[in-house]
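As the structure lists them, so they are numbered: ligands from 1, and atoms in each ligand from 1.
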Amino acid sequence: MRFSHIAAGLGWAVTTTSAASNCGRDVYDYIVVGGGPSGIITAERLSAANHKVLLLERGHGPTVATGSNYTLPWNDTLTPIDVPALSSAVNTLPLWNEYFCSDTPASACVLGGGTTINYMVFVHPPAHDFENWPKGWNWEDIAPAAQRLYDRNPGSTLPSEDGQRYDQGLYSLLSNLFGNLGWKSIDMIDQPDEKHEVYSYPAWNIKDALRAGPVRTYLPLALERDNFTLRTGAKVIRLIREGSRVTGVEYESSGRRQIVKLAAKGRVVLSSGSLSTPRILFHSGIGPAAQIQTAKDSGVEVPPEEDWINLPVGQNLKDHPIFPIIVKSNQTWGPLNTASVLNSSDEKNIGLYESQGSGVLTQGRHRLIYFTSREGQDGTTRYFQGSCAASGKGVFTVTSYLTHGLTSTGVLGLDKDGKTVIEQSPYLQTEADIEASTSFVQNMIDIFTAPGTGLAMNTTTNATAILKSRTNGNHFVGTTKLGTDDGRMGGTSVVDLNAKVYGTDNLFVTDAGIHPDLPTGNTQAIVMVVAEAAVAKILAYKD
Ligand SMILES: Cc1cc2nc3c(=O)[nH]c(=O)nc-3n(C[C@H](O)[C@H](O)[C@H](O)COP(=O)(O)OP(=O)(O)OC[C@H]3O[C@@H](n4cnc5c(N)ncnc54)[C@H](O)[C@@H]3O)c2cc1C
Ligand SMILES: *[C@@H]1O[C@H](CO)[C@@H](O)[C@H](O)[C@H]1NC(C)=O
Ligand SMILES: *[C@@H]1O[C@H](CO)[C@@H](O)[C@H](O)[C@H]1NC(C)=O
Ligand SMILES: *[C@@H]1O[C@H](CO)[C@@H](O)[C@H](O)[C@H]1NC(C)=O
Ligand SMILES: *[C@@H]1O[C@H](CO)[C@@H](O)[C@H](O)[C@H]1NC(C)=O
Ligand SMILES: *[C@@H]1O[C@H](CO)[C@@H](O)[C@H](O)[C@H]1NC(C)=O
Ligand SMILES: *[C@@H]1O[C@H](CO)[C@@H](O)[C@H](O)[C@H]1NC(C)=O
Ligand SMILES: *[C@@H]1O[C@H](CO)[C@@H](O)[C@H](O)[C@H]1NC(C)=O
């Protein structure tokens, strides 16, 4: 193997674009497409089982160890991605334009995918998150996979190495408020099944005072193995098929197209995320005929029509809607001044971080997370999450989500230019979702503005206006749904119980798209858990 670039310091091998001309010679047992959380976990486990694995990622590495040179002025081994408290500033930096996909909504095009740019909230899934999954994928089946993840990447509610919590004004205010209402104080990592009228210190994807996630907790293990190759700057366009068998992958690198081949019994695993994997499938003649036709019209070389596999790819799109609830108090805390951390002037917090791995810089932006639930008018229990963070002096925003139990779905497709688009909104499409969300938001307004709290709504003051200010949850699932009802026969599923695409011999999916249902909390932890479970099924599957 030749490496065109040896990442600084650690001697890890990351091949970048220029090594691609080499690719004709090598064939792989597994090609994994997409180096987000699901793809890195998939590729690491496959290589640990002694398979020859190529991981193709369209973006570049976000850490110094993976080749980034966006270092901080006060520490040339750290980028803004690494420092937990800077997670709230990432979307204000120039690197955001490089890391956020230009052709796909709400997605990150960087090694690590969403886990590189997200707010690090890490919700261990409760058992009930798997209640609507098919047999073989319920919590009792999944628990060992979850344990494998947590052994390497547990998350933390107390990331400061001195064992202290910093900037606790907002936590005090809200824990008193909810405590007085009889809500229960829990630890959301130790008590993941408690999701009704509970509040917790936030659990974050942080380890050793740094942003964690598979780039840090899995990838180094794979990079040490001769059988593992990571190629960044490699955007996969389509799969090369001979009927039901995938034989290779075409990708674009520095404007050039390359084809990389599979070994005779080789397999491809798509892990490009719930919004990007569908496009690769459409380009490969897999999905609704109308989408494949759009891909063809946009200039993609799709397979001949007799090889098209008609599956409901992109249907069953689900996401958590966010309702921002903004409240003011008479207190004086506020958001961390990240500009003064970025320009080195916040010597106190930087000093504590550098010398002891401690202080407010080891924390994410949220200060308290609560969960509750209510029964909808259709008899289905719907869950809600509120992630609370300071958004001004004495002002806090509850990023409140409608989560598990919601019944709305949307549709994902391609536009004429080949970009991924949401064709049908997945938000608040059913009466029961609207009714439950309205009464939840009204209940929150009543709680915050009850006499004696000293709180008032900041700007948007009523439930109707708050529902109207709804934003995307960035927690998309369901576009390549896993299940037993074969989509070729009019069912809703795209992959079978081994995560193999129906109608193919050797094509699998392990990203958020296979989740048939939405979890109760933010998605990254359950995405990693499910990737662990899926790669085990793939390794066990014999053709
Ligand atoms: C702005 C934002 C904030 C979020 N906040 C949180 C949070 O605080 N907590 C939480 O739990 N979850 C959060 N999420 C959601 C979470 O990050 C995602 O659920 C998770 O990252 C999904 O993992 P994935 O592996 O399915 O896909 P992704 O993370 O999307 O990874 C897909 C990877 O594939 C690559 N790729 C895509 N197309 C191609 C191609 N054609 N060729 C090669 N590579 C390709 C991408 O570059 C990317 O690296 C957030 C998401 C976003 C976008
Ligand atoms: C993987 O690498 C080991 C040595 O590092 C080698 O013995 C083995 O044959 C390789 N396996 C494959 C499938 O390439
Ligand atoms: C940093 O990396 C980018 C992208 O690889 C490159 O364009 C730029 O020149 C590099 N900057 C420095 C200072 O090395
Ligand atoms: C830079 O950060 C790393 C990782 O946190 C730390 O080990 C190192 O000591 C820091 N360097 C300096 C000069 O403080
Ligand atoms: C650093 O940023 C802070 C906050 O924006 C600002 O007040 C300060 O003047 C800046 N210092 C330097 C040295 O640029
Ligand atoms: C709160 O309200 C003030 C004005 O009343 C406004 O300037 C500020 O932007 C609001 N804060 C948020 C987070 O919306
Ligand atoms: C803030 O509001 C609380 C609750 O109404 C009140 O007890 C407290 O005195 C107020 N503090 C100040 C500084 O006004
Ligand atoms: C709700 O708030 C919006 C804007 O904040 C306002 O225009 C509207 O009149 C309010 N509706 C009610 C019923 O108070």
- line: Of all protein heavy atoms, the one nearest atom 2 (O) of ligand 8 is N462 ND2, 2.3 Å
field: Residue that, paired with S200, satisfies side-chain contact (heavy atoms from CB on, under 4.5 Å) out of M188, E194, Q191
entry: M188
message: Testing the 3.5 Å rule here: is there a donor-acceptor pair between the side chains of S274 and T479?
response: no
field: Closest protein heavy atom to atom 4 (C) of ligand 6, given as residue, atom name and distance to 0.1 Å
entry: T459 CG2, 4.6 Å
- request: Provide, to 0.1 Å, the distance between atom 5 (O) of ligand 8 and the closest protein heavy atom, together with that atom's residue and name.
  value: A465 CB, 4.0 Å
query: Does a donor on one side chain and an acceptor on the other come within less than 3.5 Å for T63 and R216?
result: no
message: If I compare all heavy atoms of T520 with all of P126, which pair ends up nearest, and what's the gap?
response: OG1-CG, 3.8 Å
- prompt: Between H128 and F130, does the ring centroid distance fall short of 6.0 Å?
  reply: no
- request: For atom 11 (N) of ligand 5, grab the closest protein heavy atom and report residue, atom and distance to one decimal in Å.
  value: N343 ND2, 2.9 Å
- request: For N337, counting its heavy atoms only, list the atoms of ligand 5 lying under 4.0 Å from any of them.
  value: 4 (C)
message: If we count only non-hydrogen protein atoms and require a distance under 4.0 Å, does atom 9 (O) of ligand 8 qualify as touching the protein?
response: no
message: Using a 4.0 Å cut-off to any heavy atom of S345, which atoms of ligand 5 qualify?
response: 1 (C)
message: Could you check whether W133 and H515 have their ring centres less than 6.0 Å apart?
response: yes
- prompt: To the nearest 0.1 Å, how far is atom 13 (C) of ligand 6 from its closest protein heavy atom, and which atom is that?
  reply: S391 OG, 3.4 Å
message: For a side chain to side chain contact (heavy atoms under 4.5 Å, CB included) check, start with the C-alpha distance between K184 and E197, then their side-chain angles and the critical distance, and finish with the verdict.
response: CA-CA 6 Å; K184 200 162 120 188; E197 296 188 347; over 6 Å; no
- prompt: Which of the atoms of ligand 6 are close to I326, meaning less than 4.0 Å from one of its heavy atoms?
  reply: 12 (C), 13 (C), 14 (O)
field: For atom 12 (C) of ligand 6, the protein heavy atom that lies nearest, with its residue and separation
entry: N458 ND2, 3.5 Å
